[in-house]
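Have a look at the structure below, then the notes.
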Amino acid sequence: MNKMLQRHPCRALPLSCLMATTLAMNAALAALPAEVSAALSMAGVPESAVSVWVAPADGTAPPRLTQGAQTPRQMASVMKLFTTGVALQKLGPAYTWRTDIALDGALRPDGMLQGNLLMRGDGDPTLVTERLMLLMSRLRQAGLRTIRGNWLLDRTAFQLDPHDPAAFDGEPLKPHNAGPDALLISHGAVLLRLRPDAAHPGLAQVSMEPVLADVTLAARVRLDPTAACGDWRAHLQLDAQPQAGSGTPARWRISLNGSYPSACEEKEWPLLWPEANPNRHTERAIQASWAQAGGRLQGEVQPGTWPDGLRPWLSWVSPPLFQAVQDINKFSNNVMAQQLFLTLGRTAPQPDKPVPGPTSLASARQVVASWVDQATATTSQSAHPCSAATLWLDNGSGLSRTSFASAECVGTWLQRLWNSPVMPELVASLPITGVDGTARRFTETTGLGHIKTGSLDGVVAVAGIIQTVSGRRDVVVAVVNDPKADLARPALRTLLKWAADNP
């Protein structure tokens, strides 16, 4: 037998080789790699709680590993891949949000507006403190100095039920529990920043961002030069309360006391604004930033409605969509994902109505689910891998106990995105294993994967693209739904390494 046939026995016995190859493929598809099974066993997680789907990203070959891939499971933040993927395709990477400003009255040459100022929200998820201050600067540059009326906020782009930040996990001060808002400022949160105070040795300097109207920060935090920078928040006492008898809207006081390790240098503590009416955060931020910009407001910042036919005086345009998608996926920002999800549910502008119609969670669910189902239909594995039985989108972020998807649905969707014109923007938005975002700790495959992670109590998941040793890109999806899911993280990292090392 010549050397070529020795290296390639299939050329000598094609029928028997095909049978052996088919049996080997079936065996591989039916069982998890031994090292992954061992890691799950060590974690005390049964394989029945795990779904896995691994296949070439270009879809030119069938999956090489499946395990419970058609079982619907909670996916946590992996659900953001549906929201961001549909947005990039439907809206386009260059899409922008517009926050409109109108003057309901005459603007005098001295900069005084004889009437109300109106502000109409578009659901912009990127309107953070720095951009709000730039907006105020633009208003000043356009000649506005004093508003004799009120600053009216139109939020009707989003039609939503009242949001309870404590409903999901009983943690109402956690920023991930923020609710969407057509006029969302700085994600509805405040950021406390601590650092050693150069002007007052022995104390920590504490600042708050954004500055909010009628909110005072009282901090007395001493530096601890001996403590290590571990759980530095454990030695701090935080209190945020309205002040009795201070009128409407109530004045608030945020107090921070305790000690802070010098070794921590500068740290940030984000907090969801605790006021019962979440709209107050935006109202207070606008009032304070306008004052900081040197503007005067004789009335109040309060809800209002944009009159029909009123033309914008000025429009504030957001950064392009692909930048928002990067923030959503790299850092798993829930409220930004919900803002984008709701944007997808808005009705298209009409010639007689140039502003898109209002949206709701129901309309967003319908739009996104229909888009994904049509994009993934008629695959070689399932006719509709993302049917209503295997995909349910609650709020577009994955911060939900009712959202679910199958591993096959997520994987097939990623294949479609890989073969779409927006593939570069989507892949660039995903955390790089061992490098950044939520995949920074995946050092076993440093630089080889672009992976979206998901995590809730009882849920861990990964989904994305991995480069194999042969240079091929594969889609990898893996999820665990089990009370001990958190202990299964090493198993998921082991699976990613197996996918990279065994093309």
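Positions are given from 1, in the same order as the sequence printed here. This one's a predicted model, so the numbers in the text were calculated from it and none came from an experiment.
- Counting only N and O atoms by type, the side chains of Ser315 and Asp100 include a donor and acceptor under 3.5 Å apart.
- Side chain of Gln159 to backbone of Ser360: no donor-acceptor contact under 3.5 angstrom is found.
- Minimum heavy-atom separation, Pro385 to Ala377: CD-CA, 4.5 Å.
- Between the CG atom of Asn257 and the CG atom of Leu238 there is a distance of 9.5 Å, given to the nearest 0.5 Å.
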Problem set entry | Evaluation steps, side chain to side chain contact (heavy atoms under 4.5 Å, CB included), between Leu393 and Phe82 | CA-CA 9 Å; Leu393 297 140; Phe82 296 109; 3.9 Å; yes
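- A 4.5 Å side-chain heavy-atom check between Leu117 and Leu144 finds at least one atom pair inside the cut-off.
- Using a 4.5 Å heavy-atom cutoff, the side chains of Gln298 and Ile147 are not in contact.
- Side-chain contact between Leu212 and Pro210 is present, with heavy atoms from C-beta onward closer than 4.5 Å.
- Looking at Ser318 and Thr96, their side chains never bring a donor and an acceptor atom within 3.5 Å of each other.
- Around CG of Asn277, the count of heavy atoms belonging to other residues, nucleotides or ligands within 6.0 Å exceeds 12.
- Side-chain contact, His176 with Asp169: a donor N or O sits under 3.5 Å from an acceptor N or O.
- Contact of the Thr438 side chain with the Phe331 side chain is not registered, since no non-hydrogen atoms from C-beta on lie closer than 4.5 Å.
- Under the 30°/60° scheme for interplanar angles, the aromatic rings of Trp269 and Trp232 are found to stand perpendicular.
- In this structure a side-chain-to-backbone donor-acceptor pair under 3.5 Å is present from Ser363 to Gly345.
- A 4.5 Å side-chain heavy-atom check between Leu217 and Ser255 finds every atom pair outside the cut-off.
- With 3.5 Å as the limit, one finds a donor-acceptor pair spanning the side chains of Arg73 and Ser51.
- For the residue pair Thr412/Glu408, the side-chain donor-acceptor check at 3.5 Å is not satisfied.
- Using a distance-only test at 3.5 Å, with no hydrogens or angles considered, a donor-acceptor pair links the side chain of Asn150 to the main chain of Glu300.
- Taken from CD in Gln141 to CG in Leu134, the straight-line distance is 9.0 Å, to the nearest 0.5 Å.
- Using the six-membered ring where Trp is involved, Trp151 and Trp290 have ring planes that are perpendicular, over 60° apart on the 30 and 60° scheme.
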For this session: Could you check Met119 against Asp154 for side chain to side chain contact (heavy atoms under 4.5 Å, CB included), going step by step and ending with a plain yes or no?
Result: CA-CA 6 Å; Met119 187 175 187; Asp154 186 322; over 6 Å; no
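- Across all their heavy atoms, Ser332 and Lys452 have their closest contact at OG-NZ, 3.1 Å.
- Here the shortest heavy-atom pairing between Gln74 and Asn481 reads N-OD1, 2.9 Å.
- With hydrogens and angles disregarded, a donor-acceptor distance shorter than 3.5 Å links the side chain of Ser400 to the backbone of Ser403.
- More than 12 non-hydrogen atoms from other residues, nucleotides or ligands lie less than 6.0 angstrom from NZ of Lys330.
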Exercise. Hey, mind stepping through Trp371 and Trp413 against ring-ring contact (aromatic ring centres under 6.0 Å, His included) and telling me if it holds?
Worked result: CA-CA 10 Å; Trp371 188 287; Trp413 174 239; 8.1 Å; no
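- Across all non-hydrogen atoms, the minimal contact from Trp306 to Arg311 is CZ2-C, 4.2 Å.
- Across Glu266 and Tyr260, no two heavy atoms sit closer than the pair C-OH, 3.7 Å.
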For this session: Apply the test side chain to side chain contact (heavy atoms under 4.5 Å, CB included) to residues Phe158 and Asp181: give CA-CA distance (whole Å), side-chain angles for both, the deciding distance (0.1 Å), then the verdict.
Result: CA-CA 7 Å; Phe158 287 0; Asp181 182 355; 5.6 Å; no
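- Formation of a donor-acceptor pair under 3.5 Å by the Arg346 side chain with backbone atoms of Pro356 is found in this model.
- When all heavy atoms of Val480 and Ala488 are compared, the closest pair comes out as CG2-CB, 4.0 Å.
- Between Arg98 and Asp122, no side-chain nitrogen of the basic residue sits less than 4.0 Å from a carboxylate oxygen of the acidic one, so the salt-bridge criterion is not met.
- Here the CG-CZ distance, from Leu107 to Arg145, works out to 9.5 Å after rounding to the nearest 0.5 Å.
- The neighbour count for Arg233 CZ, taken as heavy atoms of other residues, nucleotides or ligands under 6.0 Å away, is above 12.
- Residues Thr126 and Gln323 have side chains not in contact (no heavy-atom distance under 4.5 Å, counting atoms from C-beta outward).
- Defined by atom type and a distance below 3.5 Å, a donor-acceptor pair is present between the side-chain atoms of Thr343 and Trp97.
- Rounding to the nearest 0.5 angstrom, the gap separating the CG atom in Leu135 from the CG atom in Leu127 is 7.0 Å.
- For Asp457, the CG atom is loosely surrounded, since the number of other residues' heavy atoms within 6.0 Å does not exceed 12.
- Side chain of Asn177 to backbone of Leu173: no donor-acceptor contact under 3.5 angstrom is found.
- Note on Arg489 versus Asp486: salt bridge recorded, some NZ/NE/NH1/NH2 to OD/OE distance being below 4.0 Å.
- In this model, a donor atom of one side chain and an acceptor atom of the other lie less than 3.5 Å apart for Gln114 and Arg148.
- For the 3.5 Å distance criterion, the side chains of Thr84 and Asn329 qualify, holding a donor opposite an acceptor.
- The distance from atom OG1 of Thr146 to atom CG of Leu297, rounded to the nearest 0.5 Å, is 9.5 Å.
- When side chains are defined from C-beta on, Pro312 counts as touching Arg120, because their heavy atoms get closer than 4.5 Å.
- For Lys80 and Asn334, the side-chain atoms include at least one donor-acceptor pair closer than 3.5 Å.
- To the nearest 0.5 Å, atom CD of residue Gln338 and atom CG of residue Asn333 are 9.5 Å apart.
- For Ser289 (side chain) and Ile286 (main-chain N/O), a donor-acceptor pair under 3.5 Å exists by modelled atom type.
- Ion pairing between a basic and an acidic side chain is recognised when a charged N comes within 4.0 Å of a carboxylate O; Asp394 and Arg401 show no such pairing.
- In Arg108, the CZ atom is crowded: over 12 heavy atoms of neighbouring residues, nucleotides or ligands sit closer than 6.0 Å.
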Exercise. How far apart are the C-alpha atoms of Leu191 and Arg193, what are their side-chain angles, what is the distance that settles it, and do they pass the side chain to side chain contact (heavy atoms under 4.5 Å, CB included) test?
Worked result: CA-CA 6 Å; Leu191 186 70; Arg193 184 174 287 110; 3.4 Å; yes
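- With Ser429 contributing its side chain and Leu426 its backbone, the two residues share a donor-acceptor pair below 3.5 Å.
- Here the side chains of Leu492 and Thr453 are not in contact, with every heavy-atom distance at 4.5 Å or above.
- A donor-acceptor pair under 3.5 Å is formed between the side chain of Thr347 and the backbone N or O of Gly357.
- In this structure, His187 contributes its side chain and Met336 its backbone to no donor-acceptor pair below 3.5 Å.
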